[in-house]
Q: 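After the structure tokens below, expect a handful of questions from me.
For the numbers below, each heavy atom of this structure counts, side chains included, while hydrogens, waters and symmetry mates do not. Just so it is clear: chains get the letters A, B, ... in the order the sequence lines come, proteins before strands, and each one is counted from 1.
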Amino acid sequence: MKRQSKRFAATSLALSLTCLCTGGLKAAEDYTKELYTLYCQSCHSVDATGAPQAFVPDDWEPRLEKGMDQTLENVIVGIGNMPPLGMCMECTEQDLQALIHYMSNAQQTGNPTNRKIGK
Amino acid sequence: MDFSRIKLNRRNVLKAAGMAVAAGSAWAETSEAQAQPSERKGPPLKRRVLPWSNWSGNQECLPSVRKVPRSEEQLIDIVKNTTTQVRFVGSSHSFSALVPTEGTLISLAALRGVESVDPQSGDAEIWGGTRLAQIGDPLWEQGRALINMPDINTQTLAGAVATSTHGTGVKLGSMSSEVSQLRLVTAQGEVIECSEDRETDIFQAARTHLGALGAVSKIRLRTRPRYYTQERSWMMPLEEGLERAAQLRDKHRHFEMYALPHGDYILGITIDEVELPAATASKVDTEEHERSNSESAFRTVAKITDYLPFLRSPIINYAASRVEPEQRVGRSYEVFGNLRDMRFNEMEYSVPAEQGPACLKEILETIKRQDIDVIFPIEYRYIKADDIWLSPFYQQNACAISCHNFHDRDYKKYFAAIEPIFWKYGGRPHPGKIHTLGVAQLSQVYPKWNEFLAVRKELDPKGKFLNPFMKKIFGLA
């Protein structure tokens, strides 16, 4: 009985930790998406800006070939028309790294675009 | 300043350059190549407090601490208990040194969102860290819209209000003039709610606060029923633009012009309210293409004239003469706000409205006479007078004239030649843009400067929110 109870407790603990980790990961992913929408999408979803387009790995390959450290540093100090930190004043280094991973990954779906204005 | 509004065509630029076509192409390619990541300098990357730089890169600092409060309670706690110097950052879109600090840098970016809209008054409660671009949609869903907007929409609301950010319109004031109430977290961690009939002196100071009074956590903003607008733009001879400026200003809800240095043309832009949207999505791709083309065209002109400066006027005039009229229709906030992907530095002064054409004319003549190396368009807008102490539009219907240069080109020589012209016409500098004035001159052109200083001293007697630039302009250095 005692052993069963311990096993149950261990299972429960494992499940809880799994849920916590999964929940934590989900929250982190959601926050990255929110940051993308707020700060990155306006340039990284409009090809004419010249910025590497989100979810188009070919655009990112030449950047990432220089290494994540270098790519991250370029984001932090700004490069070309990319402003320092991409204007994300709430972003930490980890947030910026997560955004680079997020945008350079082809697996994302639903590349949202801005509403269009007519002429 | 939106390049995409000036449909300067790169092909026409190159055509005008004649023999410089090949060279121009090569230079343009060089420019694109510069967009690739360069070698990193400095120590190896490690987890650290991130350095700060503004949008254009002309201001920078390394704060000892960065804080991003997730609630007003956290904000109060941080401001109250921080013993170092504290500065606030919005979207880093100010060109003057309002933000740099070696102390604590606080971003209100996480305090964002339109919290509510009063069904009676239509006033909207909006968190200070909300970017202007995030206000349009939620207001529209509730049948409301901002009364006016600047053409850059990436600023935070608290940042926009801090510096009297404005659009254009003879009967329309700045963003600050639409504030009906705001919440201010002081150096002691107290929360003050001020409005036209409550803490009135603080209200008059806080509606253009420079981040010097505390953290503006929440703002109540006047709105109006939602509306559609139509924008029209056309190129006209410079003399015609200067002559017709007052007439066009009075005829349209919004009117502005982009003057071309070294050119004989000026772009007119009007925006008026329209009843029904005639929006079609099919032409927008063309617009995006033209945005790129316009920027590429200006960059190409800049590259060519570095080597062949005598071609500056002919190229600009040839390309400008072939710009076709354009129009756009859409929800008001979508027509006002535009993407800014071309970085620049900027000086802006506001002169009395009637002096606008003469002031602009003298600036353009000076650029030509001194052969100043600039091709970046000069923006010309109108703003209605208000009663805000540090507003450039204090008791004065004004014309704001903005001079720019590319972020990676020297602006100091250009601005040094132009700034005295603004002084001659009684200009007041935009507090968030580049100027060289100290407290003596500022207190002359801003009649309520000393009243602002008195409120600042009362709210922050120990100077927690003062950085070196603020000490200079407040006479406390």
Q: With only heavy atoms counted, which part of E34(A) is less than 4.5 Å from chain B, the side chain, the backbone, both or neither?
A: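 Looking at E34(A), just its side chain touches chain B.
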Q: Which heavy atom in R343(B) sits nearest to a heavy atom in M82(A), and how many Å separate them?
A: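 Taking every non-hydrogen atom into account, NH2-O, 3.3 Å.
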Q: As an exercise, state the distance from CE of M87(A) to OG of S91(B), rounded to the nearest 0.5 Å.
A: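 It comes to 4.5 Å.
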Q: Closest heavy-atom contact between M89(A) and R66(B)?
A: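 M89(A) and R66(B) have their closest heavy atoms at O-NH1, 3.9 Å.
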Q: Partners of Q155(B) by side chain to side chain donor-acceptor pair (under 3.5 Å), sequence neighbours excluded?
A: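 Side chain to side chain donor-acceptor pair (under 3.5 Å) check on Q155(B) returns nothing, list empty.
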Q: At their closest point, which heavy atom of I76(A) faces which heavy atom of R48(B), and how far apart are they?
A: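 Looking at all heavy atoms of both residues, the closest pair is CD1-NH2, 3.7 Å.
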Q: Where is the tightest heavy-atom contact between T92(A) and L50(B), given as atom of each residue plus distance?
A: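 T92(A) and L50(B) have their closest heavy atoms at C-CD1, 4.0 Å.
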Q: Report which part of L38(A) has an atom under 4.5 Å of a heavy atom belonging to chain B: side chain, backbone, both, or neither.
A: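 Backbone plus side chain of L38(A), per the 4.5 Å heavy-atom cut-off to chain B.
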Q: Which heavy-atom pair separates W55(B) from P84(A) by the least distance, and what is that distance?
A: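 Heavy atoms only, the tightest pair is O-CD, 3.6 Å.
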Q: Side chain, backbone, both or neither: which part of R232(B) has a heavy atom under 4.5 Å from chain A?
A: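 Answer is neither: R232(B) stays 4.5 Å or more from chain A.
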Q: Which residues pass the disulfide (SG to SG under 2.5 Å) test with C88(A), not counting sequence neighbours?
A: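 Once residues adjacent in sequence are excluded, the partners of C88(A) under the disulfide (SG to SG under 2.5 Å) criterion are C91(A).
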